[in-house]
Amino acid sequence: MSTAAIVLTVWCAVSMAAVGLSLYFLFQKAGQKGWYALVPLYNSYITDRVTVSRAPMTGAILGIFCGLLSLLMPGWLASQFTDKGRLILSLIPFGACMLVTSAIVCANMAEVFGKPDLFGVGMFFLPFVFWPLLAFDKSAYVTEQPAGDIGEDFKALGADIREGGKMVGQGLTGQEYAGTGSFQRAGNRLGMALHNIPFWFRSFGRGFTTDGYAQLDFLKLSPGCKRFYKLGRAIRSIPFHLWNLIRKIGNFFKKIGVGIGHFFVDLVHTFITGDWKTKVSYVIMGFGSCARGQWLRGILFFVFQTVFNIYLFTFGWWHVKMLPTLGTIQRVTENGQIVVAGHNSFFILLYGVLTLFFIVAFLYTWYQNIKQNRISEEILRSGHTLKSARDDMAALADEQFHKTLLALPSLGVFVFTILPIFFMILIAFTNFDHAHQPPSSLFTWVGTDNFGELTSLKGTTSGPSMGGTFRQVLLWTLIWAVFATFLNYFLGMLVAIMINKKGIRLKKVWRTILVMTIAIPQFVSLLYVSKMFAADGLINTTLQNWGWISGPLPFWTDKHWARVAIILINVWIGIPYLMLIATGILMNIPADLYESARIDGANGFQMYRKITLPYMLFVTGPYLLTSFTGNINNFNVIFLLSGGEPSSATELAGNAGGTDLLITWLYKMTVNNHDYNQAAVIGILVFVVTAVINLIVYNMIPSVKNEEDFQ
Amino acid sequence: MSEYEIREIMQTADAADTYAKDGSEKPVFRHSKKRHERRTLTGLHLVLVIMSIVWLVPFFFLICQSGRSFVLEGGGMVNYVMPRQGFSLDNYKGLFIKNFNVQNYMGTSLKIEDFTQSVAETDIFSEAEQAKVAVIRDYWENHSRKDRLKTTDKLSDQMKKDFDAGKLSAEQAEAYQAVFTGEEGRAFMKRVYSGILDEHFTRDFRSDFLPWWGVTFLIALSAAALFTLCLYLLRLLLRARDITGPAKWFSVLGIALAVFFAFLIAVFAFKGFSIPNVEMLVRTVMALLLLVFFGFVAASAFLKEDSRLLRSIPGYPAQGPGTEIKRILAFFGEMALLFVILVCMLVPLKSSNFVAWYGNTLTIALFVAVIQTVIVLSVSYALSRIRFKGRKLLMNIVLVLGMFPGFLTMIVLYFLLKQVGLTQSGAVPGLILIYCASSGMGYYISKGFFDTIPKSLDESARIDGATRLQVFMKIIMPLAKPIVIYTILMAFMAPWGDFVFASYVAFQSEPNYNVAVGLYQWIKQNDKQNYFTLFCAGGVLVAVPITALFLALQKYYVEGVTGGAVKG
């Protein structure tokens, strides 16, 4: 055995002897019989009584329980460890229990014998010094009330249990309820619940009907009944909500239709009622504005028209024409020389789409031109003057300031987001994959084949089906998003509450330490941690050196281990963010809410449930939603940690791995396989999933609906 | 009621707690609330300590491993940081020799003495081979003084020249061909290198990592304590009027001795680890100093503003106007010093592409910080203040667009940018363009902030005749300092960690990667040597400025993230 182990054993043996001996004398000082200290479980019980706390007995029982529990270690865990490792692993919970219990006992003992707290700390770290000191010095047993007789306590406990049994049938309320022991209360609650069950079903049924309860009747219901009633109502209202949604969509299309109708009516009307300048403007844009003195606007319109015409007739029209076929002439190469320069499907699609957008933009501008004319006519008719160029420029800084501010960003968003997304949606309907790469080969429209392939369940000859893979990846994505968001959220909130608690010292230290984790760039932490858990990384080699495991733990090679590891590591990364947010928000909750609750007798957990939690959920509702959709697309964490591994060609098609999200699968398809059409399909499906979730949640979260309730 | 009566009532109220609710006089035991709370608090403190350790442990190892690069002495690889495959000697050695790519090292700066010595001493070479090497050595001795042939590559070049010119004897020619050319030569050199490695592995490799870090940590802690103490003493010294003459000089001497001892502790601790050369010692000490400085700087983040420790630092402003700016500057000064130490420590990085990557990312970050801030603030102001037609539509469109995965746009943009030449060698401007162009979509937080500024300010200014532009620049912007700083911070920090876009735009063009992609390449190469400690060093160099920036501007980050709910 190594020196450390020997030292540790000797230390433990000596401490236990010292503590045992001291307990003998301490029990005597406290008025109990000394030999009680030597009986294993009973001495914990007596320590309970002596130190006026429930901890020692609970701790001893819990420790034994943990020790027994380790016999139930699951096979998949046990198989990874050597015998030595398994032994130590099973001792860990037991050891932790014992450690905590002994700390509590030391602290309490010190207090009960009138020593300062630091003495208790000494008792914990150097037992063989301080326990005998306590036992043999002149300290006396000081406590608020003496330890009573055990016999009486047992009798009281027995009576409580008996009464509890009787209570099941009784259903006490109010004053009688408050005056009973804990078992009695439990029995009472059980009885009430059993009694209420038929009422719950009835409320559910009532909720399901059209009229339900009147307001006053509803308030009279018990909490359980209220819940079931609300459930019934919610289920009943589902068709109503669906219908609403359909109606909204219908309205949307109706509005579009009406808009188009108005558009045409407007055009014709303006043409008929306008003067000659307006009529000319239908053909030459900007003519009307120029003729009326608005030179700047007129010239801008005319230039735009010219540019558009030039573009369309030299370049754009051909591309639009080729859109339905996406190119017909294939490139032919002989001996590396291009013999026939074929069509490039990609650019046909790209410029074709661009031209289509241009056409739409042109139509819109043309329409604006017409409207301008009409408005100018009306202004002139009513006797005012038109705005000059200088007025226009000045307006850009004032009433039309939003145009100045939004012009460049909108252009950027259009070119770099809208256009590509639209383009990719179109790609999803082509066969642009690794076999059809322009410019050397053409690709063409295939309709919804890609979607069909992705949702099919048939396996191909080369492996599993794409549809099955897609389902698995989607499922894991959703599970991951749920865990990543909510686990982080609640744990982060817990940590924030913990740090915020009155009495915790060095608050800023704890917060700064956690905040430093945020400050360090995420990819550095992720890459390093991924190496730490690797088969040859820090954790595995350390455990191997200690002899706990014989082969490396399969953190990144086994699917389930990888998933759990990723979720836990994400918790490690995410808690500081949530802690920051939660701290900021918690500090804003008015303190008098808590005070009044405490006066009313609420304990910590109730205050959390009724005050803290609703407030947090209200304020961070939208954040949770954003965070959820962000986690669905959380590329960095998954890719840098596990690279989407472990991949298995027999289970998952298309290079997907066990921890792949939809988005990392997309990345792999794009970068490794060059299957752009499938990537596009997945992208669209991600959008659909995200949109559906957003829609559902937006209509449900209270911050949208019940603002008044909350206030 | 008199105070006495009130106090009595309160005491009976407390005592009432301990009596049974059924009215009987028997006292029922309840824990005293104070003790219960105290126990909870102790428990919570313990939990917090454990949490802090868990959170900091990986970074601690990161820093330690960046300072501990594995260097081979005499193998001519002093500037090359070796991989750290595992922590067992055999594992490491086996993997290294297996993956050893002679092409990289063929004839590079292997000193002739080491070359011949290795062949002579390791017993994997046959007599015939050793004879050949002896021949080569003779040849070398005849040339070395004149032609300065110190390393094998120069030697082989010279021999090649002579061989082509026919000046070599038959024996020498044969030796040359066997050792320096062709497949045979490559295999031979590989065995030479393996031999060297074999010998030096046994001597230099340390497989027990844990005692090393434990000692390091203790040393760092004690060094930090000593350092703090020195500063405190210095301050006392500078302020004390009644310490004069010899006493003062003794104090100064004491401080100097303390610093010296701190350094000595560091040196002694590593004596037992047989560091092969001074460079590694220096680098390890630098790692320690890094820990000390880091700890100190982090400490200054949480110390009270007028704490004695802070005031004891000469030049550190504690009060007065402009203190915040001064403090931030002092912070950055410390960080600059730290950075210099780091750079000295991480010299081997200069031989790789890391500097290029760093420069790229820094450029991108600076440009993006400015441009993105301007764009985001414009957009959020417009959407927040000005109720124009189509505003709701625009917000909804942006919302819907945001639901598409961002990477989707990358595929198209890559082709587009390629036409214009903004990919691969033009990756830096290309990336700047990509980040800035769509940044308008991230207006949400800024808009929330602008919403909290009362509209009456706007309106009163407009009544007084200001244009919207003037209102924006002169009234709103000064009020929006927190959100401006938050936006700049976020915009600056984003390019450092962006992997997806950067890896795609700079596809396989190494000098144009950003740090994230570069470090990823280092750590994920499976068929070449994994440059693990190199990654650690690079990671530290990236992390330190960003962390410093973040810690200094932490207040604004919290404000931004909580949506202005917490101001200041």
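The figures that follow rest on heavy atoms only: side chains count, while hydrogens, waters and symmetry mates do not. Naming: A, B, ... by sequence-line order, numbering from 1 per chain.
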Shortest non-hydrogen contact from Asn633(A) toward Pro405(B): ND2-CA, 4.0 Å
Atom pair CH2 (Trp510(A)) and CE (Met51(B)), whose distance is rounded to the nearest 0.5 Å: 9.5 Å
Val471(B) portion near chain A, given a 4.5 angstrom heavy-atom threshold: neither
Side chain / backbone / both / neither for Leu56(B) at chain A, heavy atoms under 4.5 Å: side chain
Pair Leu408(A)-Ile375(B), side-chain contact (heavy atoms from CB on, under 4.5 Å): steps then yes or no: CA-CA 8 Å; Leu408(A) 210 56; Ile375(B) 291 182; 5.8 Å; no
Toward chain B, the part of Tyr667(A) with a non-hydrogen atom under 4.5 Å: both
Validation row, ring centre Tyr520(B) to ring centre Phe523(A) under 6.0 Å: no
Side chain / backbone / both / neither for Ser439(B) at chain A, heavy atoms under 4.5 Å: neither
Nearest-0.5 Å distance that lies between atom CD1 in Ile499(A) and atom NE2 in His45(B): 10.0 Å
Interface moiety of Ile425(A) toward chain B, non-hydrogen atoms closer than 4.5 Å: side chain
Heavy-atom pair of closest approach, residues Ala679(A) and Leu408(B): O-CD1, 4.0 Å
Structural part of Ala103(A) lying under 4.5 Å from a heavy atom of chain B: neither
Residue pair Gly683(A) / Phe404(B): nearest heavy atoms and the distance that separates them: O-CD2, 4.5 Å
Exam field: side chain Trp496(B) to backbone Pro521(A), donor-acceptor pair closer than 3.5 Å: no
Heavy-atom proximity to chain A below 4.5 Å, by part of Val515(B): both
Validation row, ring centre Trp665(A) to ring centre Phe407(B) under 6.0 Å: no
Note, Thr409(B) side chain near Ile421(A) side chain (heavy atom, < 4.5 Å): yes
Interchain contact, Thr517(A) with chain B, by part (heavy-atom threshold 4.5 Å): both
Proximity breakdown for Lys501(A) and chain B, heavy-atom pairs closer than 4.5 Å: side chain
